[in-house]
Amino acid sequence: MVTKKSFYITTPIYYVNDAPHIGHAYTTLACDTMARYKRLNDYDVKFLTGTDEHGQKVDKAAAAAGMDPKAFVDKVSQTFVHLAKEMAVINDDFIRTTEPRHIKAAQHLWNELIKRGEIYLGGYAGWYAVRDEAFYVESDLIDGKAPTGAPVEWVTEPSYFFKLSAWQDKLLEFYEQNPDFIQPESRRNEVISFVKGGLLDLSVSRTSFKWGVPVPNDPDHVMYVWLDALTNYITALGYPDTNSDDYQKFWPESVHVVGKDILRFHAVYWPAFMMAAGLTPPKKIYAHGWWTVDGVKMSKSLGNAINPIELIDTFGLDAVRYFLLREVSFGQDGDFSRQAMINRYNSDLANAYGNLVQRVLSFIYKQCEGKVPEHGELTVSDQALLTEAEALPPLLEKDMDHFAFHKYAEHIWQVIFKANQYVDDQKPWGLKVTDPARMQTILYILAETIRKIAFMTQPILPIASAQILDQLAVKNRDLEAFSEALKPGTLLPEPKGVFPRWQEAK
Ligand code: ME8
């Protein structure tokens with residue numbers, strides 16, 4: 001039996017202090033697209049997302065809502081579950097850090113760190129930013145605020161510390177030996193210089209509130225929310241049982257996709273915690289960029305956060321997926337504006353892809369008795385277009401290896417533009433009377449090209465790709481069937497337009 005290659009991809013687990021916006025949707029969509037792509041390529045995939053439900057930030061949000069924290073997190077976590085459904089995300093698990101399986105895993109990791117002498121009891125006196133759930137030293141502060149702009153408060157309390165300072169050299173060695181661990185490269189350099197700058201021991205428990213995983217054997221303390229939260233990635237694989245099938249199969253192939261805001265927690269703290277507990281760190285951390293709206297940071301106080309569900313209701317799911325993944329290169333910052341969304345929709349989806357599919361399939365339906373056309377001998381131009389489409393899988397594989405979703409789309413759209421050009425050059429409509437056989441050949445070439453394109457758009461545009469493949473009567477949609485050409489004479493259903501042009505209501 002041939003064993004499949006495995007792939008484990010995770011989103012950050014989102015804080016349930018507030019409703020999700022397009023920033024959260026972005027990470028989840030990128031992971032879903034990657035997971036769909038890997039499944040298409042016959043990988044055994046596990047895709048994890050979930051919610052981060054402990055800590056002071058969530059505790060305060062519950063208090064502000066006048067709710068008991070547990071009732072509050074039960075309610076808000078559902079908005080993230082709901083968003084994943086609305087975005088047609090195929091996640092294999094949804095983890096909540098208040099679940100017993102997770103509390104057990106986090107406490108087990110804590111005990112391991114204690115057992116190995118990696119945690120000691122001391123006292124914390126310093127700055128804390130609840131919004132970032134992060135500790136800061138005086139020299140980090142800019143105008144009395146955290147470097148992120150978050151307000152800080154002075155905290156003095158008994159605290160357990162993780163001996164992070166002892167892991168500086170081992171972390172640097174780890175980055176050296178695993179050059180692909182942090183992606184993209186520019187982020188890797190940032191992390192390395194941060195670690196080279198020296199690491200302080202990290203406070204890993206709090207005593208001034210109760211909403212967290214209780215520290216084993218010391219009920220006055222709850223675990224620092226980041227130590228609790230990062231553990232989610234292995235809880236979902238069955239930790240503490242590292243011999244479980246899932247742990248064995250998926251952990252060596254783990255990729256954490258995160259926003260650049262939380263790279264340090266993932267690329268410094270997390271591998272240090274894992275090595276200190278005698279575990280192997282994840283395989284890769286990919287940090288993507290930051291979305292603003294009309295050039296401004298999204299925030300509750302400004303009330304400018306874009307609700308992804310409203311966006312989907314307006315433009316459709318595929319359009320939102322396409323815009324977010326195509327508009328900026330993954331890793332770079334991006335700006336959302338309604339006009340940019342409309343422009344992208346009309347130029348790439350309605351005018352290019354939708355128009356190609358609509359004009360070709362409706363012509364075939366009317367002029368070829370609703371059947372896949374017959375083809376005669378192929379000309380150089382016919383062959384050229386087919387070759388372009390055939391070349392997509394290896395090209396796109398490279399793009400996905402680099403998380404270059406925008407390039408993935410760009411490469412497909414180059415073929416779409418060429419196919420539209422081919423229609424304009426070959427003018428099949430004019431051949432109906434003069435050369436019907438040649439008309440059929442041209443239409444066959446186009447149908448085949450559209451089939452190949454639709455195979456490859458599946459990870460980004462799951463709904464439209466399925467409709468197009470339905471309209472071409474294609475059954476097997478895994479990449480292994482990419483080379484199975486359409487059979488002339490196959491009956492086709494009546495085509496329906498996939499991306500009608502967007503017009504602003506007057
Ligand atoms: O940090 N642009 O949760 P969080 C792009 N619970 N991505 C954005 C974004 C924006 N404007 N805003 C949010 C936490 N994101 C922790 C994570 S993991 C063990 C614990 C995305 O709710 C991006 O992925 O603040 C970012 O890293 C994440 O949401 C932060 O979500």
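Start at 1 and go down the list; that is how both ligands and their atoms are numbered. Values in this document were obtained by computation on a predicted structure and should not be read as measured data.
Of all atoms in ligand 1, listed by their number and element, those nearer than 4.0 Å to a heavy atom of Thr27 are 21 (C), 23 (C), 24 (O). Remark: ligand 1 atoms within the under-4.0 Å shell around heavy atoms of Met298 are 11 (N). For ligand 1, the atoms lying closer than 4.0 Å to a non-hydrogen atom of Gly289 are 5 (C). Close contacts between ligand 1 and His21 involve ligand atoms 9 (C), 12 (N), 13 (C) [criterion: under 4.0 Å to a heavy atom]. Short contacts between ligand 1 and Ala229, defined as distances under 4.0 Å to a heavy atom of the residue, involve ligand atoms 19 (C).
Of the heavy atoms in His288, only side-chain atoms (C-beta onward) come closer than 4.0 Å to ligand 1. Contacts of Lys297 with ligand 1, taken as heavy-atom pairs under 4.0 Å, are absent altogether.
Of the charged side-chain nitrogens involved, at least one lies within less than 4.0 Å of a carboxylate oxygen, so that Asp348 and Arg344 count as a salt-bridged pair. Salt-bridge formation is not detected for the pair Glu410/Lys407: no Lys NZ or Arg NE/NH1/NH2 atom is positioned less than 4.0 Å from an Asp or Glu carboxylate oxygen. Salt bridge annotation for Glu112-Lys115: present, with a cationic side-chain nitrogen under 4.0 angstrom from a carboxylate oxygen. Ion pair Asp246/Lys46 flagged as a salt bridge, since at least one NZ, NE, NH1 or NH2 atom sits closer than 4.0 Å to an Asp/Glu carboxylate oxygen.
Atom 31 (O) of ligand 1 has as its closest protein heavy atom Tyr14 CD2, 3.6 Å. Scanning the protein for heavy atoms near atom 17 (C) of ligand 1, the closest one is Ile13 O, 3.1 Å. Protein heavy atom closest to atom 3 (O) of ligand 1, with residue, atom name and distance, is Tyr15 CD1, 3.3 Å.
Looking at ligand 1, you'll find an N or O of Asp261 within less than 3.5 Å of one of its N or O atoms. Below 3.5 Å of separation, one finds no N or O of Leu230 facing any N or O of ligand 1. By the 3.5 Å distance cut-off applied to N or O atoms, Asp52 is counted among the residues near ligand 1. In terms of polar-atom proximity, defined here as any N/O pair under 3.5 Å, His266 makes no such contact with ligand 1. Between Tyr26 and ligand 1, no N or O atom pair is found at a separation short of 3.5 Å. At a 3.5 angstrom cut-off on N or O pairs, Ile262 does not count as close to ligand 1.
In this structure, Tyr136 has its ring center no closer than 6.0 Å to that of Tyr128.
Cation-pi check for Arg264 over Phe194 is met; the charged atom lies under 6.0 angstrom from the ring centroid and within 45 degrees of its normal.
Annotation: side chain of Trp270 is in contact with side chain of Tyr233 (closest heavy-atom distance under 4.5 Å). Inter-residue side-chain proximity for Leu141 and Trp127 is flagged as met; some heavy-atom pair is nearer than 4.5 Å. Residues Arg39 and Phe47 are in side-chain contact: their nearest non-hydrogen atoms beyond the backbone lie under 4.5 Å apart. In this structure, the side chains of Arg206 and Val155 come closer than 4.5 Å at one or more pairs of heavy atoms.
Inspection of the Tyr408 and Thr33 side chains reveals no N or O donor paired with an N or O acceptor under 3.5 Å.
The residue from Tyr233, Phe265, Trp291 that puts a heavy atom closest to atom 18 (S) of ligand 1 is Tyr233.
Within the 4.0 Å heavy-atom shell around ligand 1 one finds Trp226.
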